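Shown next, in structure tokens, is the structure this report addresses.
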Amino acid sequence: MTTKHTSDDPEVRAELSRLRESIDNIDAAVVHMLAERFKCTQQVGHLKANHHLPPADPEREARQIARLRQLAENAKLDPAFAEKFLNFIIAEVIRHHEHIANEKS
């Protein structure tokens, strides 16, 4: 006796393919948006280094985290996840700013 799995159903496979294509498109957009964000933060890093400003700005970071948590709630996304994601990005930005400052000194 052979059991037919729903994955054998052409309609299920087509829907799965459609959804995965949307996910792939969203992933590409996220990567492009992150690239644009990092281009801007690199400029901030150079500006900070040129004017001897610290690489990190804890007050700005706290405001950004609170803002992103609110955006996440409004978008029905887990705010804790959004905060973790932004903390990861902030850490990377600070690392870049420190590198830029070290190059200029």
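In this text the structure is predicted, and so the values were computed from the model without any measurement.
Under the ring-ring contact (aromatic ring centres under 6.0 Å, His included) criterion, the residue pairs touching residues 12-39 are Phe38-His96, with sequence neighbours excluded. Judged as a ring-ring contact (aromatic ring centres under 6.0 Å, His included), not a single pair has a partner in residues 50-87 (not counting sequence neighbours).
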Walk me through whether Glu61 and Leu86 qualify under side-chain contact (heavy atoms from CB on, under 4.5 Å).
CA-CA 9 Å; Glu61 294 155 19; Leu86 186 59; over 6 Å; no

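When each of Glu92, His97, Glu98 is paired with Arg95, the side-chain hydrogen bond (donor to acceptor under 3.5 Å, both in side chains) condition holds for Glu92 and for no other.
Atom NZ of Lys84 and atom CD1 of Ile89 lie 14.5 Å apart (nearest 0.5 Å). Note that the CD atom of Glu15 and the CG atom of Asp9 stand 11.0 Å from one another [nearest 0.5 Å].
One N or O on the side chain of Arg13 and one on the backbone of Asp8 form a donor-acceptor pair closer than 3.5 Å. With hydrogens and angles ignored, the 3.5 Å screen pairs no side-chain donor or acceptor of Lys48 with any backbone N or O of Leu53.
Using modelled atom types and a 3.5 Å distance limit, the side chains of Glu21 and Asn25 yield no donor-acceptor pair. Of the N and O atoms on the side chains of His99 and Glu103, at least one donor lies less than 3.5 Å from an acceptor on the other residue.
At least one side-chain heavy atom of Val93 sits less than 4.5 Å from a side-chain heavy atom of Arg37. Residues Lys39 and Gln42 have side chains not in contact (no heavy-atom distance under 4.5 Å, counting atoms from C-beta outward).
The two residues Ser105 and Asn102 make their nearest non-hydrogen contact at OG-O, 3.2 Å. A pairwise comparison of heavy atoms in Ala72 and Pro79 identifies CB-CA, 3.9 Å as the closest pair.
More than 12 heavy atoms of other residues, nucleotides or ligands sit less than 6.0 Å from atom NZ of Lys104.
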